[in-house]
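Accompanying notes for the structure given below.
Values below: all heavy atoms of this structure, side chains included; hydrogens, waters and symmetry mates excluded. The sequence lines fix the lettering, A, B, ..., with proteins before strands; numbering per chain opens at 1.
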Protein chains: 2
Amino acid sequence: MNLEKIINALNNPTRRNIVSWLRDRSNFPPALPEHADLEGVCVAYIQEKAGLSQSTISNYMGLLKDAGLVNSERHGQWTFYSRNESAIQAFISAVEKELI
Amino acid sequence: MNLEKIINALNNPTRRNIVSWLRDRSNFPPALPEHADLEGVCVAYIQEKAGLSQSTISNYMGLLKDAGLVNSERHGQWTFYSRNESAIQAFISAVEKELI
DNA sequence: TACAAATATCGGTATATTTCGATATATGAA
DNA sequence: TTCATATATCGAAATATACCGATATTTGTA
């Protein structure tokens with residue numbers, strides 16, 4: 001758990017939004033039928049929702065992944081990102097421990 | 001409650017340390033006798049503990065204050081900073097609400 | 001009033017972050 | 001193998017942050 005990296009990753013409103021949006025698949029367009037049973041959301045959908053360039057979102061997802069806040073799985077040409085719930089919980093606990 | 005400002009203020013290890021150190025007065029040298037009944041810690045003590053320049057710490061305390069995480073009270077030539085517990089608690093709650 | 005101490009503000013340099021467009025890579029399909 | 005699609009990486013410009021030393025401000029005291 002790298003608190004420094006996590007706070008850094010969350011020190012940006014779009015990245016916080018992404019983590020929040022990923023709570024609910026219905027924040028994004030429906031998955032393609034062949035992806036129906038896969039977890040996570042592809043980069044293109046996140047990009048569309050965030051309204052920033054493809055490269056920026058790819059970079060953001062890399063930061064969130066590197067911080068451990070999201071998981072990624074590649075399936076064919078797509079990378080699917082989903083929340084890492086236990087890491088998010090651990091982060092909250094760490095903030096409480098460090099601050100409270 | 002400006003989450004953006006707060007996360008920004010906490011996106012620095014020294015500033016997080018300061019908020020943490022302020023939990024316990026005994027992290028600093030004893031107060032002068034004439035300040036014995038005052039809440040908070042003066043800038044010089046915080047500076048000494050942090051090991052950064054006076055201007056940097058003054059700036060940091062301004063950021064923490066502006067974010068609402070600390071209170072300040074001026075008494076004579078001294079400014080005493082103390083934690084704003086309710087703001088800290090509100091921040092934790094906001095992070096939970098936004099992320100969890 | 002003059003001085004010293006504590007803190008705040010200013011101006012600057014080095015470094016980091018934001019965000020983009022262009023390009024590279026990987027993969028499925030024709 | 002060639003092409004199109006999805007994603008990742010690169011290089012750059014604009015902006016923000018981390019700190020510092022120097023200076024200004026405030027206040028108590030000689």
Side-chain angles (χ1 to χ4, degrees), chain A residues 2 4-19 22 28-35 38-67 69-82, chain B residues 2 4-19 22 28-35 38-67 69-82:
Chain A
N2 187 331
E4 192 66 22
K5 265 190 191 174
I6 294 180
I7 293 186
N8 232 296
L10 293 176
N11 192 29
N12 173 290
T14 300
R15 290 195 295 263
R16 286 198 301 281
N17 281 337
I18 291 171
V19 173
L22 287 174
F28 302 94
L32 298 176
E34 62 267 39
H35 298 149
L38 298 176
E39 247 213 306
V41 178
C42 69
V43 175
Y45 285 3
I46 299 171
Q47 184 206 336
E48 186 188 347
K49 178 109 182 157
L52 293 172
S53 76
Q54 187 270 324
S55 64
T56 296
I57 296 303
S58 181
N59 174 40
Y60 281 9
M61 297 318 295
L63 290 174
L64 291 171
K65 172 105 204 278
D66 192 44
L69 294 168
V70 300
N71 306 118
S72 71
E73 270 186 68
R74 190 158 240 251
H75 289 276
Q77 335 162 240
W78 290 271
T79 304
F80 295 89
Y81 286 96
S82 57
Chain B
N2 187 331
E4 192 65 21
K5 265 190 190 173
I6 295 180
I7 294 186
N8 233 297
L10 294 176
N11 192 30
N12 174 289
T14 299
R15 290 196 295 263
R16 287 198 299 281
N17 281 337
I18 291 172
V19 173
L22 288 174
F28 303 94
L32 298 176
E34 62 268 38
H35 297 150
L38 297 176
E39 247 213 308
V41 178
C42 69
V43 176
Y45 285 2
I46 298 170
Q47 184 207 335
E48 186 188 347
K49 177 108 181 158
L52 294 172
S53 77
Q54 188 271 324
S55 64
T56 296
I57 297 303
S58 180
N59 173 40
Y60 281 9
M61 297 319 293
L63 290 174
L64 291 171
K65 172 104 203 281
D66 193 44
L69 293 168
V70 300
N71 306 118
S72 72
E73 269 186 69
R74 190 158 240 251
H75 289 276
Q77 336 161 240
W78 289 272
T79 304
F80 295 89
Y81 286 96
S82 57

Original post:
Roughly how many Å is it from CD1 in A/I46 to C1' in D/dA6, rounded to a whole number?
Top reply: 13 Å
**OP:** Identify, between A/M61 and B/G76, the residue whose nearest nucleotide on DNA chain D lies closer to the 5' end.
**Re:** A/M61
**OP:** Send over the distance from B/R74 CZ to D/dT25 P, rounded to a whole Å.
**Re:** 13 Å
Original post:
Do the side chain of B/Q77 and the base of D/dT26 come within less than 3.5 angstrom through a donor-acceptor pair of N or O atoms?
Top reply: no
Subject >> Along DNA chain C, first and last positions that approach a heavy atom of chain B under 4.0 Å >> reply: C/dA5 to C/dT9
**OP:** Evaluate the side-chain proximity of A/L38 to A/W78: yes if any heavy-atom separation is below 4.5 Å, no if none is.
**Re:** no
**OP:** Decide yes or no for B/R16 and A/I7: does some side-chain heavy atom of the first lie under 4.5 Å from some side-chain heavy atom of the second?
**Re:** yes
Subject >> B/Y60 vs B/L52 side-chain heavy atoms within contact, under 4.5 Å >> reply: yes
Original post:
Quick one: is D/dT7 close enough that its OP1 or OP2 comes under 4.0 Å of any side-chain N or O from A/N59?
Top reply: no
Original post:
Could you state the CG-P distance from B/L63 to D/dA18, rounded to the nearest angstrom?
Top reply: 8 Å
**OP:** First locate atom CE of A/M61, then atom CG of A/L22, and finally report the distance between them rounded to the nearest 0.5 Å.
**Re:** 5.5 Å
Original post:
Are the side chain of A/R15 and the backbone N or O of A/L10 linked by a donor-acceptor pair below 3.5 Å?
Top reply: no
Original post:
Atom CG of B/L10 and atom C1' of D/dT17: how far apart are they, to the nearest Å?
Top reply: 15 Å
Original post:
Within the side chain of A/Y45, is there an N or O that forms a donor-acceptor pair under 3.5 Å with the backbone of A/P30?
Top reply: yes
Original post:
Within the side chain of A/R74, is there an N or O that forms a donor-acceptor pair under 3.5 Å with the backbone of A/T79?
Top reply: no
Subject >> D/dA18 phosphate, OP1 or OP2, under 4.0 Å from B/R15 side-chain N/O >> reply: yes
Original post:
Could you state the NE2-P distance from B/H35 to D/dT27, rounded to the nearest angstrom?
Top reply: 13 Å
Original post:
Taking for each residue the nucleotide of DNA chain C with the nearest heavy atom, is it A/W78 or A/S53 whose nucleotide lies nearer the 5' end?
Top reply: A/S53
**OP:** For B/N11 and for A/V41, locate the closest nucleotide of DNA chain D by heavy-atom distance; then report the residue assigned to the nucleotide nearer the 5' terminus.
**Re:** A/V41
Original post:
Quick one: is A/T79 getting a side-chain N or O under 4.0 Å of the D/dA8 phosphate, OP1 or OP2?
Top reply: yes
**OP:** Figure out the CG/P separation between B/D66 and D/dT17, and round it to whole Å.
**Re:** 12 Å
Original post:
Is any side-chain nitrogen or oxygen of A/Y60 closer than 4.0 Å to OP1 or OP2 of D/dA8?
Top reply: no
**OP:** Would you indicate what B/Y81 reaches in the nucleic acid, counting non-hydrogen atoms under 4.0 angstrom: base, sugar-phosphate, or nothing?
**Re:** sugar-phosphate
Original post:
Rounded to the nearest Å, what distance is computed from the CD atom of residue B/E4 to the P atom of nucleotide D/dA16?
Top reply: 12 Å
**OP:** Looking at every strand, decide which applies to B/L52 at a 4.0 Å heavy-atom threshold: base, sugar-phosphate, or nothing.
**Re:** sugar-phosphate
Original post:
Taking atom types as they are modelled, is there a donor-acceptor pair under 3.5 Å from the base of D/dA8 to the side chain of A/Q54?
Top reply: yes
Subject >> Between D/dA18 (P) and B/N17 (CG): distance, integer Å >> reply: 14 Å
Original post:
Around atom CD of B/E4, are there more than 12 heavy atoms of other residues, nucleotides or ligands at under 6.0 Å?
Top reply: yes
